[in-house]
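Step one of this worksheet: look at the structure below.
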Number of protein chains: 2
Amino acid sequence: MSESTILIVDDEAAIRDMVSITLDLAGFASISAENAHDAHVAIIDKKPDLVLLDWMLPGGSGIELARRLRRDDLTANIPIIMLTAKSSEDNKVQGLSEGVDDYVTKPFSPRELVARIKTVLRRIDDKQKNKALQVFDLQLDPTSHRITIEDKPVEMGPTEFRLLKFFLMNQEKVFSRDHIQDSVWGGNVYLEERTIDVHIRRLRKALSSIEGTAIDYARLVQTVRGAGYRFSVRPS
Amino acid sequence: MSESTILIVDDEAAIRDMVSITLDLAGFASISAENAHDAHVAIIDKKPDLVLLDWMLPGGSGIELARRLRRDDLTANIPIIMLTAKSSEDNKVQGLSEGVDDYVTKPFSPRELVARIKTVLRRIDDKQKNKALQVFDLQLDPTSHRITIEDKPVEMGPTEFRLLKFFLMNQEKVFSRDHIQDSVWGGNVYLEERTIDVHIRRLRKALSSIEGTAIDYARLVQTVRGAGYRFSVRPS
DNA sequence: TCAAACTATGACATTTGCGTGACAATAACA
DNA sequence: TGTTATTGTCACGCAAATGTCATAGTTTGA
């Protein structure tokens, strides 16, 4: 997994800096915001993997932000760790009910903060890993190792299965054949260049195998001439 | 069944220790938490089989925790026994509506506590057992150690019995041969790779042995090429 | 409009993984 | 003790999956 990005939301610059340095040292990328509004913009824009949110933002907007993030589907799955000034059970309870994932009480040690972050990220990761990937009525369920379109099972080989899984987890991005090979086959094989094309074709064929669907799922696997392939919900 | 883990949630260290010792003596493993937050983390992390929860945690967070546990799918099935300071009908009623499984009123005897725990665990256990072990007209009764299809007895060896039981308890999931071996044979044996196949075949054969059924039960044991086997009601 | 560069596709040989019948060793049982 | 059921292994056959190639089709830019 690549580097996780953490958004720090706190009105005190000193704390932002301190946390930022801590996270950098722990191998995270960090961005900062000093108020709820900037934070929200940054979240939409940069899609951080986790938000460190000060409970006591001026105007009590910390909890407001948390609530808002949870309400919106786009941001509902971004984990939040609250930073609370004092260890108050009231806050904790209220925060838990807002869907906050964990707490760190100020003052906190860098070690503790990093540990909490890692725990939350791992927990979320496990949850996501076994979650079914879905695009329209196309569904890939890693647990049952099954692909369905409109609940009808779709037949394909193991390689096409991995290929589709890769695309579903990385939509709207173009990947070169080399990159696809590394990600789907693993780095230690040599493949003829055209081989990727053939598997793309097989995947498309499998996605077209269900008759009478409203959407042509094969068309979601798009060729980007000179660059590679892309899985996208938007027409090319 | 392996050792059950009980999580003790109480703010008084003396009670935690006392209960912990009691549980150890009764053959349970126990972990402790002194507040709702730590408890929640421990539950996510350690997945205890039962939670002993003090009703009167500071800030009234005991009931909050119970409510929160019930809301989340991951924790909704973990049984909760409430520890109440005084025997108040109000508490009991309120607790029941939160989905609490039982009550123990302080002060309680170790003997009573253990009895309650065992009762709840057994109840939950029975519920789990009797739930998954029927598919259409195929029935597996763990007690009488019998399998029937449309009330007609099905003959199979002990290994196939365990295999079918495993599948019935874990439907819609793919298992690798290694995983099946660990779960059905136990971890300390070495089996030739093809051996699993042979037992799958014997199981399928047994499931086909009843003539004239509406459903081909053998077909529920599905091969997932390159991944393992899956028991599923849905066609592959 | 043409050539060059790139991609799609059908066909094919090879590899891989699974199903199956047979068999010997072992365990269960009368 | 003899008899039967159960179990694990093996060898073989088959079908799916895979990678490659040759050919056809498409796009791009001069």
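What you see is a predicted model, and the numbers here were worked out from it, not measured in a lab. Chain letters run A, B, ... following the sequence lines, proteins first, then strands; residues in each count from 1.
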Any [X] side-chain nitrogen or oxygen under 4.0 Å from OP1 or OP2 of [N]:
X: B:Thr195; N: D:dT9; answer: yes
X: A:Arg194; N: C:dT9; answer: no
X: B:Arg177; N: C:dC18; answer: yes
X: A:His199; N: D:dG19; answer: yes
X: A:Trp185; N: D:dG19; answer: yes
X: B:Tyr229; N: C:dG19; answer: yes
X: B:Thr223; N: C:dG19; answer: yes

Charged N-O contact under 4.0 Å between A:Arg146 and B:Glu172
yes
Do the side chain of B:Arg204 and the base of C:dG19 come within less than 3.5 angstrom through a donor-acceptor pair of N or O atoms?
no
Looking at D:dA17, does its base get a donor-acceptor pair with the side chain of B:Arg225 below 3.5 Å?
no
Residue whose nearest DNA chain C nucleotide is more 5′ - B:Lys205 or B:Val224:
B:Val224
Assess, by modelled atom type and distance only, whether the side chains of A:Asp141 and A:Ser144 contain a donor and an acceptor separated by less than 3.5 Å.
yes
Within the 4.0 Å heavy-atom criterion, would you say B:Glu160 contacts the bases, only the backbone, or no part of the nucleic acid?
sugar-phosphate
Considering every strand and a 4.0 Å limit on heavy-atom distances, what is the contact class for A:Ile200: base, sugar-phosphate, or nothing?
nothing
Minimum-distance pair of heavy atoms, taken over all atoms of B:Ile8 and B:Ser30:
CD1-CB, 4.0 Å
B:Glu193 has an atom CD; how far is it from atom P of C:dT16, in whole Å?
14 Å
